[in-house]
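To start, the structure under review is shown below, and the notes come after it.
Numbers for residues simply follow the sequence, beginning at 1.
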Amino acid sequence: MTEVTVELHGGPLDGQRTQIDPTDPDPWVAIISDHGQHPGGRSLYAPDDAGVWRWVRDLPWEAL
């Protein structure tokens with residue numbers, strides 16, 4: 001598996017970097033965040049049409 005580092009844009013994790021698998025057919029990532037709408041939940045990021053990883057929404061822990 002080849003991972004690449006991407007920068008997150010918007011939302012509670014703006015500016016942070018995370019590793020993703022560019023070959024994953026479901027291109028999104030849900031990262032634990034205490035700074036979002038649901039502390040202890042996840043902040044969901046996905047690439048836009050230009051490949052920029054943008055915040056989509058926050059999810060409560062039990063939603064995953």
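In terms of hydrophobic clustering, with Ile, Leu, Val, Met, Phe, Trp and Tyr side chains grouped at heavy-atom distances under 4.5 Å, W55 and V6 are assigned to a common cluster.
Partners of W28 by side-chain hydrogen bond (donor to acceptor under 3.5 Å, both in side chains), not counting sequence neighbours, listed by chain and number: D26. Among residues two or more places apart in sequence or in another chain, the side-chain hydrogen bond (donor to acceptor under 3.5 Å, both in side chains) test is passed with R57 by none. For D49, the salt bridge (Lys or Arg N to Asp or Glu O under 4.0 Å) test picks out no residue, with sequence neighbours left out.
For the side chain to side chain donor-acceptor pair (under 3.5 Å) condition, the pairs that include at least one residue of residues 29-47, sequence neighbours left out, are S43-D58.
Contact check for L8 versus I31: side-chain heavy atoms found under the 4.5 Å cut-off.
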Quiz: residues 13-20 side-chain donor-acceptor pairs under 3.5 angstrom, not counting sequence neighbours:
unit_1, atom_1, unit_2, atom_2, d
D14, OD1, G10, N, 2.7
Q19, NE2, T5, OG1, 2.9

